[in-house]
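The structure displayed is predicted, hence computed values, not measured ones. Heavy atoms only: backbone and side chains are in, while hydrogens, waters and symmetry mates are out. First listed ligand is number 1; within each ligand, the first listed atom is number 1.
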Amino acid sequence: MTIIVTGGAGFIGSNFIYYMLKEHPSYRIVCVDCLTYAGNLSTLEDALENPDFRFCRINICDREAIYHLFEEEHPDIVVNFAAESHVDRSIADPEVFLDTNIKGTAVMMDACRKYGITRYHQVSTDEVYGDLPLDRPDLFFTEETPIHTSSPYSSSKAAADLLVLAYHRTYNLPVTVSRCSNNYGPYHFPEKLIPLMIANALADKPLPVYGKGLNVRDWLYVEDHCKAIDLIIHKGRTGEVYNIGGHNEMRNIDIVKLICRELGKPESLITFVKDRKGHDMRYAIDPKKIHNELGWLPETKFEDGIIKTIQWYLDHQEWWKTIISGEYQDYYKKMYDSDSSAN
Ligand code: NAD
Ligand code: TYD
């Protein structure tokens with residue numbers, strides 16, 4: 001069994017590669033990643049020592065290179081994680097989101113059609129459903145909730161989802177789509193809420209909370225997401241969408257306060273900054289379908305997962321300090337230092 005994992009040098013993709021190498025030691029895993037600012041080869045250091053693992057620096061929009069790889073590897077399954085993934089960046093500059101998230105998805109699926117695979121899996125997000133109001137805690141996203149996006153990021157992911165389902169109907173490509181809530185855990189790029197707050201708190205820097213910090217996200221430990229995808233690619237029904245989430249809703253401000261408490265840092269570091277444009281209020285997944293059909297349930301409770309995650313960032317300071325010392329500094333200045341910050 002050979003699996004191509006795109007975006008495997010990023011946060012969730014790398015966790016998925018380690019999960020699969022551990023759970024399926026007989027599989028060959030081929031990682032395709034062009035190493036954007038968010039991709040980090042050092043994350044895959046341990047995997048690179050495994051003879052059943054191969055890394056290929058390829059852009060998923062590069063049709064020729066992708067076709068060539070399929071000719072070499074004859075993959076059975078493709079799991080597409082590769083994407084531009086940060087909402088704030090999509091607001092500042094949408095174009096690359098359209099290229100990678102939409103066109104790149106089409107190239108991967110065209111290769112699957114041309115060479116034949118048993119499964120193409122698209123890793124999508126709950127953000128394609130838009131947001132829910134704070135005063136309706138009874139509402140959740142189901143697989144039937146209409147697509148209703150807010151940001152260029154979520155719109156590009158939604159466009160890709162529609163394309164994937166169209167390839168199933170039109171060409172009978174054996175696809176599945178998963179829509180997961182916010183992940184947290186090791187190797188999370190420090191531009192996202194949890195790792196950014198940990199890194200800033202450790203450096204006694206201000207903790208920039210957008211608006212009033214009342215927005216709610218539904219947090220899932222990354223390994224639980226990997227386990228869900230493993231189940232879907234092996235047992236999920238083709239042509240189907242599966243929502244993934246663990247009923248763990250938290251307000252941003254409460255997460256930031258928890259991080260302060262765990263690190264022994266004062267809440268006075270919290271700084272309320274201008275709100276994100278079009279900021280989604282609440283995400284909340286109803287995971288009944290994947291639970292009933294595939295028996296998936298999250299295993300890591302948030303109280304444990306967040307402690308493990310904070311400890312990981314304490315133990316791996318070199319990993320994230322190297323990342324935030326380079327090009328990321330310019331991004332940080334642009335987003336948080338001027339009046340146009342994070343808006
Ligand atoms: P990430 O930004 O950490 O990693 C993305 C990876 O894709 C990077 O290694 C990058 O180099 C690579 N990449 C980007 N453009 C590429 C291209 N054109 N060709 C090849 N490689 C390219 O992202 P993540 O947080 O790990 O998210 C992975 C996937 O999961 C994305 O599709 C995202 O939409 C989805 N998702 C993320 C979350 C979350 O909470 N992070 C939740 C639900 C779904
Ligand atoms: P993020 O990690 O960017 O994920 P997403 O926007 O995909 O949910 O942000 C999570 C929440 O945290 C979101 O409501 C925006 C908020 N946020 C801040 O308040 N401050 C920050 O510096 C960042 C990066 C995010």
Going by the atom numbers of ligand 2, which of them fall below 4.0 Å from some non-hydrogen atom of [X]?
X    : result
H86  : 3 (O)
V209 : 19 (O)
H279 : 13 (C), 14 (O), 15 (C)
E191 : 24 (C)

Are side-chain heavy atoms of E84 and N101 found at a separation under 4.5 Å? yes

Could you check whether any side-chain heavy atom of E127 comes within less than 4.5 Å of a side-chain heavy atom of T149, counting everything from C-beta outward? no

Step through it carefully: locate the ring centre of [X], locate the ring centre of [Y], and say whether they are under 6.0 Å apart.
X    : Y    : result
H121 : H234 : no
Y120 : Y167 : no
W312 : W320 : no

Identity and distance of the protein heavy atom lying nearest [atom]:
atom                    : value
atom 8 (O) of ligand 2  : R217 NE, 2.7 Å
atom 20 (N) of ligand 2 : P208 O, 2.8 Å
atom 4 (O) of ligand 2  : N182 ND2, 3.4 Å
atom 19 (O) of ligand 2 : Y210 N, 2.9 Å

Would Y153 count as a contact of ligand 2 if the rule is a heavy atom under 4.0 Å away? no

Whether the side chain of N183 engages the backbone of S181 through a donor-acceptor N/O pair (distance < 3.5 Å, no angle test) should be reported. yes

Check for a donor-acceptor pair, side chain of H168 on one end and backbone N or O of L173 on the other, with a separation under 3.5 Å. yes

Passes salt bridge (charged side-chain N to carboxylate O under 4.0 Å, His left out), K289 versus E240? Steps please. CA-CA 10 Å; K289 179 172 173 181; E240 293 291 318; 2.6 Å; yes

Any N/O pair [X]/ligand 2 closer than 3.5 Å:
X    : result
W219 : no
N215 : no
Y336 : yes
L193 : yes

I want to confirm something. Looking only at heavy atoms, which of I194, T125, N252, L214 is nearest to atom 12 (O) of ligand 2? N252

Which is closest to atom 6 (O) of ligand 2 by heavy-atom distance: E127, K212, R276, K192? R276

Is the CD atom of E72 crowded by more than 12 outside heavy atoms at less than 6.0 Å? yes

L258/I306 under side chain to side chain contact (heavy atoms under 4.5 Å, CB included): CA gap, chis, key distance, verdict: CA-CA 9 Å; L258 188 159; I306 192 72; 3.9 Å; yes

Can you pull the residues with any heavy atom under 4.0 Å from ligand 1? G7, A9, G10, F11, I12, D33, C34, L35, T36, A38, G39, I58, N59, I60, F81, A82, A83, S85, T100, V123, S124, T125, Y153, K157, C180, S181, N182, N183

Given the ring of Y184, does R217 sit roughly above its face, with NZ or CZ under 6.0 Å from the centre of the six-membered ring and within 45° of the axis? no

Tell me whether R28 is salt-bridged to E73, with the criterion being a basic N under 4.0 Å from an acidic carboxylate O. yes

Under the side-chain hydrogen bond (donor to acceptor under 3.5 Å, both in side chains) rule, what pairs show up with a residue in residues 3-22, not counting sequence neighbours? T6-N80

